[in-house]
Amino acid sequence: MDTVAQHVLWLLPMLWLGMVLAISFLEAPLKFRAPGVTLALGLGIGRLVFRALNVVEAVLAVALVLATLVVAPGPGIWAWLAVAVVLLAAQILVVRPPLSRRADRVLAGEELPRSHAHFWYIGLEVAKVLALLGLAIAAAP
C-alpha cells in the first residue's frame, strides 16, 4: 500500500499541474480569441470549465492528503501540499465568488469597468503551479 501511495503522491501533483496549465494558461485566454465567441459566451464557458476544474482540484487535493497520511513523509511534502491546498481554497472561497457575481452582472447585460479580480486569480494560479512543482519534486521517487 505504501508504494501505491508513494506513486500517487508524485503522480497526482503532476496531473493537477497539467490541468491547471492547460485550462488556466491555455484554454482560458484562447477561448476569447475564437471567432464568434462573445464576452457572454466566453464567460459562460469559463464559468462551467473553472467550476469543473475546481471540483477536480478539490478531489485531487483530498486524494493527496490521504496519500500523504499513508506515506507519512517529512515536513517538506506537507508544506508544499498545504500551500497548494490553501491557494486552491483562497481561489474557491475568496476570489471566485466576486468573479461569479461580476459574471452574473455582465451576463445580465450590465456594462462594467474592467475587473482586477482576475489578476488575483492568475497570481494564485502561478503560486499554485510553483507549489505543485515543489510537491512533485519533493515527492519524486
Side-chain angles (χ1 to χ4, degrees), residues 1-2 4-141:
M1 180 67 161
D2 281 352
V4 171
Q6 287 170 335
H7 290 296
V8 165
L9 194 56
W10 176 81
L11 176 68
L12 291 187
M14 297 307 288
L15 176 63
W16 186 356
L17 175 64
M19 293 177 72
V20 168
L21 291 173
I23 292 174
S24 295
F25 297 103
L26 188 61
E27 182 274 338
L30 287 178
K31 81 172 152 264
F32 288 102
R33 295 181 183 185
V37 174
T38 63
L39 178 60
L41 183 59
L43 287 175
I45 292 168
R47 176 182 266 175
L48 288 172
V49 169
F50 276 95
R51 187 177 302 136
L53 173 64
N54 289 156
V55 167
V56 173
E57 286 182 292
V59 169
L60 290 172
V62 168
L64 279 164
V65 168
L66 293 174
T68 305
L69 287 170
V70 169
V71 173
I77 289 177
W78 277 111
W80 285 116
L81 179 56
V83 169
V85 169
V86 166
L87 291 168
L88 175 62
Q91 286 179 303
I92 292 171
L93 300 173
V94 177
V95 180
R96 269 202 54 215
L99 286 173
S100 290
R101 285 191 297 275
R102 185 177 193 288
D104 288 340
R105 292 172 64 193
V106 170
L107 291 171
E110 255 186 86
E111 299 259 344
L112 298 172
R114 198 159 178 87
S115 168
H116 296 290
H118 285 91
F119 294 123
W120 284 103
Y121 197 91
I122 293 166
L124 290 169
E125 285 289 72
V126 170
K128 190 168 57 181
V129 162
L130 295 174
L132 292 170
L133 278 172
L135 176 57
I137 291 168

Worksheet item: Can you check whether L132 reaches K128 side chain to side chain, under 4.5 Å on heavy atoms?
Response: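 Answer yes - side chains close enough.
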
Worksheet entry | Neighbour count above 12 (heavy atom, 6.0 Å) for W78 CH2 |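 For W78, atom CH2 is crowded (more than 12 foreign heavy atoms under 6.0 Å).
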
Worksheet entry | Non-hydrogen side-chain atoms of W16 and V56 separated by less than 4.5 Å |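 Not in contact.
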
Item to complete: State, yes or no, whether a side-chain contact exists between L135 and L64 at a heavy-atom distance under 4.5 Å.
Response: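 Contact flag for L135/L64 side chains = yes.
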
Worksheet item: Rounded to the nearest 0.5 Å, how far does CG of L88 lie from CD of E125?
Response: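 With rounding to 0.5 Å, CD (E125) is 8.5 Å from CG (L88).
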
Fill in: Pairwise distance CD1(I137) to CD1(I77) - rounded to 0.5 angstrom
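So the gap between those two atoms works out to 11.5 Å.
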
Discussion item. Would you compute the distance between atom CD1 of I122 and atom NE2 of H116 and round it to the nearest 0.5 angstrom?
Written reply: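 Separation between the atoms: 12.0 Å.
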
Discussion item. Side chains of V129 and S24, heavy atoms from C-beta outward: is any pair under 4.5 Å?
Written reply: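 Heavy-atom side-chain distance check fails, nothing below 4.5 Å.
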
Fill in: Close side-chain approach of L107 and R47, heavy atoms under 4.5 Å
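Answer yes - side chains close enough.
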
Discussion item. Using 0.5 Å steps for rounding, measure from the CG atom of L81 to the CG atom of L9.
Written reply: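 So the CG of L81 and the CG of L9 are separated by 7.5 Å.
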
Fill in: Atom of S115, atom of A117 and distance for their closest heavy-atom approach
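What the structure gives for the nearest pair is OG-N, 3.1 Å.
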
Worksheet item: Just wondering, do F50 and L99 contact through their side chains at under 4.5 Å, heavy atoms?
Response: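 No, every pair of side-chain atoms sits at 4.5 Å or beyond.
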
Worksheet item: Which heavy atom of A131 sits nearest a heavy atom of A84, and at what distance?
Response: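 For A131 versus A84, the nearest heavy atoms are CB-N, 3.9 Å.
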
Worksheet item: Taking side chain as C-beta onward, heavy atoms only, is L66 less than 4.5 Å from V70?
Response: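 No. Closest side-chain heavy atoms not under 4.5 Å.
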
Worksheet entry | T68 vs P73 side-chain heavy atoms within contact, under 4.5 Å |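 Result yes, sub-4.5 Å side-chain heavy-atom pair found.
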
Practice prompt. Take V49 and K31, measure what side chain to side chain contact (heavy atoms under 4.5 Å, CB included) needs, and give me the verdict at the end.
Written response: CA-CA 11 Å; V49 169; K31 81 172 152 264; 5.7 Å; no

Fill in: Gap separating the CZ atom of R51 from the CD1 atom of I92, nearest 0.5 angstrom
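Here the rounded value is 11.5 Å.
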
Worksheet item: Which atom names give the shortest non-hydrogen contact between R96 and Y121, and what distance separates them?
Response: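 Residues R96 and Y121, closest heavy atoms: CG-CE1, 3.7 Å.
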
Worksheet entry | Spatial distance of atom CH2 (W80) from atom CG (L133) [nearest 0.5 Å] |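 It is 8.5 Å, given to the nearest 0.5 Å.
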
Practice prompt. Apply the test side chain to side chain contact (heavy atoms under 4.5 Å, CB included) to residues R102 and L43: give CA-CA distance (whole Å), side-chain angles for both, the deciding distance (0.1 Å), then the verdict.
Written response: CA-CA 10 Å; R102 185 177 193 288; L43 287 175; 5.8 Å; no

